[in-house]
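One-based numbering along the sequence shown. If you're wondering where the values come from, they're calculated on a predicted model, not measured in any experiment.
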Amino acid sequence: MDAPGKRKKFGDILVEGGLITATQLHQALAHGKERDIKLGEALLALGFVNEMAVARTVAKQLKIPFVDFDKIVVDPEVARLVPETVARKYKVIALGKRPGEVLVAFADPLNIFAADDIARYVTDKVVTCVGIESQIMAAIDRVYAGQKPVAKMEREVEEESAAVSVVNDLILQAVRQGASDIHIEPTAENLRVRYRVDGLLRSAGQFPLEMHPSMVSRLKIMSQLDIGERRKPQDGRLEIPVSGREFDVRVSILPLNNGEKVVLRLLDKSQVKIDLSSLGFEPDHLKLFVEHLHRPHEIILVTGPTGSGKTTTLYGALNHINAIEKNIVTVEDPVEYELTGINQVQVNRKADLTFANSLRSILRQDPDVIMIGEIRDAETAEIAIQSALTGHLVLSTLHTNDASGAITRLIDMDIPPFLIASAVGLVLAQRLVRMLCPLCREPFSPPEALQQEMGLAFDPNRTIYRAKGCPKCDGSGFKGRVAIYETLPVSTAVEELIMNKATSHEIFRQAQAEGMQSLRQAGIAKVLAGVTSLDEVLRVTLDTRG
């Protein structure tokens, strides 16, 4: 167990922490002795302290974490490692697991009897945290009541407690199902909850409409938003540990005509260290991408619609080139993950910190590499191109359907073609395709007409796979996603087309003649490798050429 260190008396800790004076300590000790109550209860009764201040001071003095239950999700399965009687006796609750460790919140971390008793039930190393007693006891009530179905619980406990339990459970289940987003939306009849898993929304259940206000309030409290404001959109964020992993949760609240809709985006901090080789690049394309990442003065653009994984690719690129000798600066809206060793700027329009204004300041910071979350206007595009031409590697994104479309988008922004041809070195277009569940995918031999549609010579022995569905993949037939890429290097021939303001179709055909694989062709390669299905590739590449 993580020992708090040299054993100290509770009162001395509060005095050392400046929370009470020595005189107040003596008064509280006398008050407690007179009424036969503990020192903490006496201090609260006399009004010398409050629970939050005591818990934070104890945590600081003992150098152990403080836990605010308004900002975390307790994993019921982990909490129940400790019997309810023991949890109530010592006012403790197990919060969650990390590899080889269990986090446990104690109202009194100095209680050695509690520590010894907990060790009988928790075989992993116990990481001691400090919590507020009333919050711990409320969490105990929810966790052990949570063994009953939610519908029953709502009738048996107070509405607020039910909302806390439901919100916690929704987040836990979303993490376990690999969801990227949680949608909580009121309808005329009930409260509908959906998860976005592998890019598609699926139902996560329905709840009584009466629970909506308390659930929204709970989420506003967790993300430090105004619980009294119901007429304006609000955006917030919170950091929570769930099932041993740290999540950054973005909270968006939108007023509707029948209530407020809440969308939670779950960002797993453990996924920040992205390896380029795991994203889906074909070996030749990965080699090309890496070569361009080590060129000091050009722009690399990544294109695709919202949700196609562009930011993940850029973060993977930054991780690949991140080194002590490089000054890497990003400007993002929002900053999705915090990257160690990289300077990240969050766009703030209220403070006039736009992409363009941020870039002007960044250029005075002696950068080697600049990552721009998105080129949205001509001003940002011009600064990005000038940055590349003056010796910086610039990475950014554009919302276009394919790689060649990025070139014509810049031309449409009135960027001179000769600047585009000089600065842009590589353009990627990408999509995310769902991967077939390896446990239930089923093989079949595509008929001749289908093979021809795939652009393949007919082979009667060719086998590809399609989705089936099993409990492991929740019946979807898919588990996880992988990217497919269209990789367009700006060659001399492409430069000439840019200078002549060629159409995106002409640039596309030239790139294909030079060996570029279209998005659909990249998807077909994944089909032939048994990674995804043909239907899935057709679904995500309907709006692209080839």
*Asks:* Checking the side chain of K310 only, and the main-chain atoms of G304 only, is there a donor and an acceptor separated by less than 3.5 Å?
*Replies:* yes
*Asks:* Can you confirm whether I136 sits close enough to V92 that some side-chain heavy atom of one is under 4.5 Å from a side-chain heavy atom of the other?
*Replies:* no
*Asks:* Taking the six-membered ring for Trp and the single ring otherwise, decide whether the centroids of Y90 and F106 are under 6.0 Å apart.
*Replies:* no
*Asks:* Kindly say whether M52 contributes a backbone atom to a donor-acceptor pair with the side chain of N50 at under 3.5 angstrom?
*Replies:* yes
*Asks:* For a quick test of reading the model, state the closest non-hydrogen atom pair linking L266 to A174 and the distance between them.
*Replies:* CD1-CB, 3.8 Å
*Asks:* Please check if the side chain of E84 supplies one atom and the backbone of A87 the other of a donor-acceptor pair under 3.5 Å.
*Replies:* no
*Asks:* Within the side chain of K526, is there an N or O that forms a donor-acceptor pair under 3.5 Å with the backbone of G280?
*Replies:* yes
*Asks:* Evaluate the salt bridge (Lys or Arg N to Asp or Glu O under 4.0 Å) criterion for residues K479 and D198: first the C-alpha distance (whole Å), next the side-chain angles of each, then the deciding distance (0.1 Å), finally the verdict.
*Replies:* CA-CA 7 Å; K479 197 73 174 177; D198 294 336; over 6 Å; no
*Asks:* Rounded to the nearest 0.5 Å, what's the gap from CG on L170 to NE2 on H183? Could you check?
*Replies:*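 Answer rounded to 0.5 Å: 13.0 Å.
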*Asks:* Enter the distance from S533:OG to L436:CG here, rounded to the nearest 0.5 Å.
*Replies:*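 The distance works out to 5.5 Å.
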*Asks:* Mind listing the closest non-hydrogen atom pair of N258 and P186 along with its distance?
*Replies:*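 So the two residues come closest at ND2-O, 3.0 Å.
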*Asks:* If you measure from CD1 on I321 to CG on L395, what distance do you get to the nearest 0.5 Å?
*Replies:* 5.5 Å
*Asks:* Give a yes or no on whether a salt bridge exists between E442 and R466, defined as a side-chain N under 4.0 angstrom from a carboxylate O.
*Replies:* yes
*Asks:* Can you tell if the side chain of V335 reaches within under 4.5 Å of the side chain of V347, non-hydrogen atoms only?
*Replies:* no
*Asks:* Just wondering, are more than 12 heavy atoms of other shown residues or ligands nearer than 6.0 Å to NZ in K33?
*Replies:*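 Open: at most 12 neighbouring heavy atoms sit under 6.0 Å from NZ of K33.
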*Asks:* Within the 4.5 Å heavy-atom criterion, are P208 and N190 side-chain neighbours or not?
*Replies:* no
*Asks:* Given the rule in the side-chain contact (heavy atoms from CB on, under 4.5 Å) test, do M371 and V331 qualify, once you have shown the distances and angles that lead to the verdict?
*Replies:* CA-CA 6 Å; M371 192 273 270; V331 53; over 6 Å; no
*Asks:* Where do F478 and C473 come nearest, in terms of heavy atoms and distance?
*Replies:*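 Looks like O-CB, 3.4 Å.
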*Asks:* Check step by step if side-chain contact (heavy atoms from CB on, under 4.5 Å) holds for I140 and R88.
*Replies:* CA-CA 7 Å; I140 288 172; R88 291 190 183 280; 3.6 Å; yes
*Asks:* Is the shortest side-chain N to carboxylate O distance from R176 to D75 below 4.0 Å?
*Replies:* yes
*Asks:* Kindly give the heavy-atom pair with the smallest separation between P305 and R431, and that separation in Å.
*Replies:*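 Closest pair (atom of P305, atom of R431, distance): CD-NH1, 3.4 Å.
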*Asks:* For R349 and D333: C-alpha separation, side-chain torsions, deciding distance, then whether side-chain contact (heavy atoms from CB on, under 4.5 Å) applies.
*Replies:* CA-CA 10 Å; R349 290 177 182 79; D333 184 21; 2.9 Å; yes
*Asks:* Show your reasoning for whether side chain to side chain donor-acceptor pair (under 3.5 Å) applies to Y485 and T313.
*Replies:* CA-CA 10 Å; Y485 291 95; T313 297; 2.8 Å; yes
*Asks:* For the side chain of E536 and the backbone of R434, is there at least one donor-acceptor N/O pair under 3.5 Å apart?
*Replies:* yes
*Asks:* What's the verdict on salt bridge (Lys or Arg N to Asp or Glu O under 4.0 Å) for R250 and D181, showing C-alpha distance, side-chain angles and the deciding distance?
*Replies:* CA-CA 9 Å; R250 304 296 165 85; D181 302 86; over 6 Å; no
*Asks:* Decide salt bridge (Lys or Arg N to Asp or Glu O under 4.0 Å) for D226 and K220; before the verdict, give the C-alpha distance in whole Å, the side-chain angles of both, and the deciding distance to 0.1 Å.
*Replies:* CA-CA 7 Å; D226 184 354; K220 286 181 178 179; over 6 Å; no
*Asks:* Do Y315 and L339 touch side chain to side chain, with heavy atoms closer than 4.5 Å?
*Replies:*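 A side-chain contact exists here, since the closest heavy-atom pair is under 4.5 Å.
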*Asks:* Evaluate the side-chain contact (heavy atoms from CB on, under 4.5 Å) criterion for residues I253 and D235: first the C-alpha distance (whole Å), next the side-chain angles of each, then the deciding distance (0.1 Å), finally the verdict.
*Replies:* CA-CA 6 Å; I253 298 179; D235 295 299; over 6 Å; no
*Asks:* Check for a donor-acceptor pair, side chain of N343 on one end and backbone N or O of I328 on the other, with a separation under 3.5 Å.
*Replies:*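 Judged by distance alone, yes, a pair lies under 3.5 Å.
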*Asks:* Is the backbone of G373 close enough, under 3.5 Å, to the side chain of T397 for a donor and an acceptor to pair up by distance?
*Replies:*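 Yes; at least one donor-acceptor contact below 3.5 Å.
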*Asks:* State, to 0.1 Å, how close V82 and A94 come at their nearest heavy-atom pair, and which atoms those are.
*Replies:* CG2-CB, 4.5 Å
*Asks:* So which of D275, L276, I274 actually passes side-chain contact (heavy atoms from CB on, under 4.5 Å) with H320?
*Replies:*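 The option that passes is L276.
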*Asks:* Do E338 and Q344 get their side chains close enough for a donor-acceptor pair, meaning under 3.5 Å?
*Replies:*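 Q344 and E338 do not have a side-chain donor-acceptor pair below 3.5 Å.
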*Asks:* Look at atom NZ of K261 and say whether more than 12 heavy atoms of other residues, nucleotides or ligands are closer to it than 6.0 Å.
*Replies:*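 Atom NZ in K261 is crowded, with more than 12 foreign heavy atoms closer than 6.0 Å.
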*Asks:* Does the R441 side chain pair with the main chain of G530, one donor and one acceptor, at a distance under 3.5 Å?
*Replies:*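 Confirmed, R441 side chain pairs with G530 backbone.
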*Asks:* Are the side chain of R80 and the backbone of V143 linked by a donor-acceptor contact shorter than 3.5 Å?
*Replies:*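 Yes; at least one donor-acceptor contact below 3.5 Å.
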*Asks:* Does a side-chain heavy-atom distance below 4.5 Å link V127 with R98?
*Replies:* yes
*Asks:* To the closest 0.5 Å, what do you measure between CD (E260) and OG (S252)?
*Replies:* 11.0 Å
*Asks:* Is K91 salt-bridged to D108, cutoff N-O under 4.0 Å?
*Replies:*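 So K91 does not pair with D108 through a salt bridge.
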*Asks:* Considering only heavy atoms from C-beta outward, does the side chain of H31 approach that of L29 to under 4.5 Å?
*Replies:* no
*Asks:* When you compare the side chain of V67 with that of L95, does any pair of heavy atoms fall below 4.5 Å?
*Replies:*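 Of all side-chain heavy-atom pairs linking V67 with L95, at least one is under 4.5 Å.
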*Asks:* Inspect the surroundings of CD1 in I227 and state if more than 12 heavy atoms from other residues, nucleotides or ligands are less than 6.0 Å away.
*Replies:* no
*Asks:* Give me the atom names and distance for the closest heavy-atom approach of P109 to V130.
*Replies:*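 Nearest heavy atoms, P109 then V130: CG-CG2, 3.8 Å.
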*Asks:* Testing L238, V249, D70 one by one against S223 for a side-chain contact (heavy atoms from CB on, under 4.5 Å), which residue passes?
*Replies:* L238
*Asks:* Between E229 (side chain) and R231 (backbone), is there a donor-acceptor pair under 3.5 Å?
*Replies:* yes
*Asks:* Mind checking whether S134 and E51 have side chains closer than 4.5 Å, heavy atoms only?
*Replies:* yes
*Asks:* Just how far is it from atom CD of E282 to atom CG of L286, taken to the nearest 0.5 Å?
*Replies:* 10.0 Å
*Asks:* Got a second to check how far E185's CD is from L256's CG, nearest 0.5 Å?
*Replies:*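 That separation rounds to 8.5 Å.
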